[in-house]
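Shown next, in structure tokens, is the structure this report addresses.
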Amino acid sequence: QVQLVESGGDSVQAGGSLRLSCVYSVPTLSDYCMGWIRQPHGKDREDVARVDGRGRGFYEDSMFGRVTISRDNAKKIMYLQMNNLKPEDTGMYYCAAEKSPGGTCNGVRYDNMDFWGTGTQVTISS
């Protein structure tokens with residue numbers, strides 16, 4: 001059973017930084033593509049970033065250049081370092097995972113991943 005628990009959400013001013021954490025339990029770490037997806041209030045989910053079984057990060061336009069995704073398989077924690085935050089970054093941030101061959105993120109739909117955490121709220125004030 002895969003379990004994902006996010007933390008690190010907070011209320012900060014624009015220009016600030018936050019680091020989100022996702023503690024995960026998966027049977028074989030290298031077999032999972034993992035990612036961060038956000039959902040602004042009243043809007044659709046947006047893909048932010050993913051990391052494959054080899055630890056390679058992939059970034060979407062939504063926060064490109066302002067975030068870094070990483071995972072520590074020994075500690076079983078995935079991180080999302082977010083810098084230069086903007087009010088439009090406000091929303092619920094979810095950690096998600098999907099089992100795939102070799103943990104590839106190719107072909108993985110961010111909005112249809114197999115396992116999800118309950119989210120952590122990020123609020124950015126101007």
Side-chain angles (χ1 to χ4, degrees):
Q1 181 68 23
V2 175
Q3 294 184 327
L4 306 167
V5 180
E6 305 94 334
S7 63
D10 204 347
S11 296
V12 299
Q13 289 189 329
S17 298
L18 284 174
R19 188 176 77 162
L20 306 183
S21 299
C22 172
V23 177
Y24 55 86
S25 62
V26 297
T28 306
L29 297 170
S30 60
D31 288 347
Y32 286 80
C33 170
M34 300 186 68
W36 288 96
I37 296 94
R38 70 180 184 180
Q39 186 167 23
H41 181 67
K43 297 184 179 180
D44 294 334
R45 289 177 175 175
E46 297 177 344
D47 196 8
V48 177
R50 304 182 214 178
V51 58
D52 68 9
R54 293 184 177 184
R56 296 178 299 184
F58 304 90
Y59 301 92
E60 299 301 321
D61 291 342
S62 58
M63 298 186 77
F64 188 83
R66 298 187 292 123
V67 296
T68 302
I69 190 171
S70 62
R71 59 195 286 182
D72 184 332
N73 287 344
K75 296 182 178 179
K76 297 186 179 181
I77 302 177
M78 180 175 67
Y79 301 101
L80 185 70
Q81 176 66 43
M82 307 188 294
N83 301 317
N84 191 23
L85 287 162
K86 305 175 181 180
E88 52 264 41
D89 296 323
T90 294
M92 189 69 79
Y93 284 68
Y94 298 93
C95 167
E98 177 156 325
K99 189 173 183 180
S100 64
T104 182
C105 291
N106 289 336
V108 173
R109 287 187 53 179
Y110 75 92
D111 57 347
N112 197 34
M113 296 179 82
D114 295 333
F115 305 99
W116 291 77
T118 57
T120 185
Q121 177 67 36
V122 171
T123 303
I124 311 301
S125 59
S126 58

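Sequence positions, counted from 1, serve as the residue numbers for this chain.
A donor-acceptor pair under 3.5 Å links the side-chain atoms of Y110 to the main chain of R45, judged by distance alone.
Residues M113 and I37 have side chains in contact (heavy-atom distance under 4.5 Å, counting atoms from C-beta outward). Put simply, the side chain of E6 does not reach to within 4.5 Å of the side chain of L20, judged on heavy atoms. Using a 4.5 Å heavy-atom cutoff, the side chains of Q121 and T90 are in contact. By the 4.5 Å heavy-atom criterion applied to side chains, R38 and V122 are not counted as neighbours. V12 has its side chain within reach of L18: a pair of non-hydrogen atoms, C-beta onward, lies under 4.5 Å apart. At a threshold of 4.5 Å between non-hydrogen side-chain atoms, the residues M34 and L4 count as touching. V108 places a side-chain heavy atom less than 4.5 Å from the side chain of R50. A heavy-atom distance below 4.5 Å is not found between the side chains of W36 and V67.
When all heavy atoms of I124 and Q13 are compared, the pair lying nearest together is CG2-C, 4.0 Å.
Using cut-offs of 30° and 60° for the angle between ring planes, the W116 and Y94 rings count as perpendicular.
No hydrogens or angles considered: a donor-acceptor pair under 3.5 Å links the side chains of S17 and N83.
Annotation: side-chain contact (heavy atoms from CB on, under 4.5 Å) contacts of V5 (sequence neighbours excluded): none.
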Using a 3.5 Å cut-off and no angle test, enumerate the donor-acceptor pairs between side-chain atoms of residues 57-64 and protein atoms at least two apart in sequence or in another chain.
residue: Y59; atom: OH; partner: I69; partner atom: N; Å: 2.9
residue: S62; atom: OG; partner: D47; partner atom: O; Å: 2.9

